[in-house]
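Everything on this sheet refers to the single structure shown next.
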Amino acid sequence: KSPDEVNGIKKIILNLALPATIFIALMGITVESSLLLLPLLALTFNVVLFVAAPFLLAAVGVKKESPAYRTGRLLIPSLAPGLSCFPFVLEFLGEAYLAKAAMADLGNKVFVLVILYLVAMQWYYSRNQEVNKRSSAKIMSLLKTLVTEPVNVFIALALLLLSFGFTMGSLPFVIGETLTKLSLILTPLVLLFIGLAVKIRREQFFQIFSLLTLRAGLVFILAALLVSVGGFNVQKDVLLMLAFGLSACSFWPFAHLSLIENLEIEKERKTFDSTYAIGILALSFPFSTVMILSVLNSGTFFNTTGNLWWVGFLILLIGSIYPLFNLLSRKTTAIRISGPELEPTKPEQA
């Protein structure tokens, strides 16, 4: 558990396994006109969660504009369906719905890889004015980071090859096989890294659990709204919508904040809190797995829109227990401290 060993695992993930996985995912894209709406819906869902994240973080008591606050804003709207959703969708709903989930994940990938990266870099520059003296220098620095980051290099390469009609099968065997082997080590390495690096205090555990529960409740409410407005009546479509939305938080935003953390090695004031990020990732995987399996085992329960509404509000209520308990504790403490003042004793007369 030495820091060097844990950091070594992180470097392998960020510089080798993750770029290879993204490259393979992009090279396997087959765009169908009937499914083009799904990436847009997923991207819209990401944006809604990003807008709602400040309210969720404030509700659980995360101090505004703190490193943990910015970390939560980056992680809460991100989704990792490949790790926490796709295997169960394939098992319960079949290959056709796995294809739909993969298409929806394109919108999520755009959000977590591009939009959240730009947001993270903007927060870094806004907090480090010494590297933000000239707008031209800022843009050049951002472009340099964008171009040299391994993940972005592999994305650009995959898109370039796709434009010329290449697929994974048409690549030289050595390259394709090497990338496939690197991709296969991603999931076990991520789980190993989280297990070695996670350090969650008891209070932080309840705070993160409450945050993830509120996020899940919001997913049910958004699904109920979409079903009510869009008129979805196919049971599997509703289950897919819930399973995808309940996916664990993505590891990719952690890659962005790790990049910025390396830029701030000698700085005391940090933009993000990597320990808090690992805590969120560590809890979101088992939490999402339980929620997704519960949904997919529900049968026809969620065919009724009313059930979506009341389950969503029930989960929101469960997530509100920790904030309400904290609020009552603070009020009780304040009353004890202020207490009734004692009358001053009069000095004895001579």
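Scanning both residues, N262 and K11, for their nearest heavy atoms gives ND2-NZ, 3.7 Å. Contact record, A120 with I260: O-CD1, 3.2 Å, taken as the closest heavy-atom pair. Smallest separation of non-hydrogen atoms from F154 and F23: O-CD1, 3.5 Å. Looking at every heavy atom in both residues, E65 comes nearest to R70 through O-NH1, 2.9 Å. Considering every non-hydrogen atom in both L116 and L74, the closest pair reads CD1-O, 3.3 Å. Scanning all heavy atoms of the two residues, the minimum distance from F285 to C249 falls at CZ-O, 4.2 Å.
Residues V153 and P19 form no side-chain contact, since every pair of their non-hydrogen atoms from C-beta on lies 4.5 Å or further apart. Between F206 and V60 there is no side-chain heavy-atom pair separated by less than 4.5 Å. Side-chain contact check for S78 versus F111: every heavy-atom pair is 4.5 Å or farther apart. Side-chain atoms of F50 and I115, non-hydrogen and from C-beta on, never get closer than 4.5 Å to each other. Side-chain atoms of S274 and L257, non-hydrogen and from C-beta on, do get closer than 4.5 Å to each other. Side-chain contact between L160 and F164: present, with at least one pair of heavy atoms (C-beta onward) separated by less than 4.5 Å. Under the 4.5 Å side-chain criterion, counting only non-hydrogen atoms from C-beta, S228 is not in contact with L308. F244 is not listed as a side-chain neighbour of K100, based on a closest heavy-atom distance of 4.5 Å or more.
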*Decide side-chain contact (heavy atoms from CB on, under 4.5 Å) for Y276 and V62; before the verdict, give the C-alpha distance in whole Å, the side-chain angles of both, and the deciding distance to 0.1 Å.*
CA-CA 11 Å; Y276 195 69; V62 178; 3.5 Å; yes

*asked:* side-chain contact (heavy atoms from CB on, under 4.5 Å) for L214 and F55? Distances and angles first, verdict last.
replied: CA-CA 10 Å; L214 291 173; F55 301 99; over 6 Å; no

*Give the C-alpha distance, both sets of side-chain angles, the deciding distance and a yes or no for side-chain contact (heavy atoms from CB on, under 4.5 Å) between M291 and I315.*
CA-CA 11 Å; M291 294 295 295; I315 295 175; 3.7 Å; yes

_One pair to check against side-chain contact (heavy atoms from CB on, under 4.5 Å): F45 and V219. What are the steps and the verdict?_
CA-CA 9 Å; F45 177 76; V219 169; 3.6 Å; yes

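The environment of F92 atom CZ is dense: over 12 non-hydrogen atoms of other residues, nucleotides or ligands sit within 6.0 angstrom.
F209 and Y322 have their aromatic ring centers separated by at least 6.0 angstrom. You'll find the ring centres of F220 and F302 inside the 6.0 Å limit.
Taken from CG in L211 to CG in L75, the straight-line distance is 9.5 Å, to the nearest 0.5 Å. Within the model, atoms CG of D273 and OG of S66 stand 8.0 Å from one another, a figure rounded to the nearest 0.5 Å. The distance from the CG atom of N108 to the CG atom of L43 is 9.0 Å, given to the nearest 0.5 Å. For the atom pair F88 CZ and N297 CG, the distance stands at 10.0 Å (nearest 0.5 Å). The structure places OG1 of T271 at 14.5 Å from NE2 of H256, a figure rounded to the nearest 0.5 Å. Between the OG1 atom in T213 and the CD1 atom in I208 there is a gap of 11.5 Å [rounded to 0.5 Å].
The aromatic rings of F272 and W123 sit tilted relative to each other, their planes meeting at an angle between 30° and 60°. Ring planes of F313 and W309: parallel class, angle under 30° (limits at 30 and 60°).
Hydrophobic cluster membership is shared by L263 and L118, with clusters built from Ile, Leu, Val, Met, Phe, Trp and Tyr side chains linked at under 4.5 angstrom. Transitive grouping of hydrophobic side chains (ILVMFWY, heavy atoms separated by less than 4.5 Å) keeps M121 and V110 in distinct clusters. Linking Ile, Leu, Val, Met, Phe, Trp and Tyr whenever their side-chain heavy atoms come within less than 4.5 Å puts V47 and L226 in one cluster. Both L259 and V6 are members of a single hydrophobic cluster when ILVMFWY side chains are connected at heavy-atom separations under 4.5 Å. When hydrophobic clusters are built by joining Ile, Leu, Val, Met, Phe, Trp and Tyr residues whose side-chain heavy atoms come closer than 4.5 Å, directly or via intermediates, L324 is not grouped with L218.
No donor-acceptor distance shorter than 3.5 angstrom exists from the side chain of S247 to the backbone of L79, with no hydrogens or angles considered. The backbone N or O of S284 lies less than 3.5 Å from a partner atom in the side chain of S288, making a donor-acceptor pair.
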Pair up each side-chain donor or acceptor in residues 173-186 with any protein partner under 3.5 Å, not counting sequence neighbours, and list the distances.
unit_1, atom_1, unit_2, atom_2, d
T178, OG1, V174, O, 2.6
T180, OG1, G176, O, 2.7
S183, OG, T21, OG1, 3.2

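By the salt bridge (charged side-chain N to carboxylate O under 4.0 Å, His left out) test, R73 pairs with no residue at all, sequence neighbours left out.
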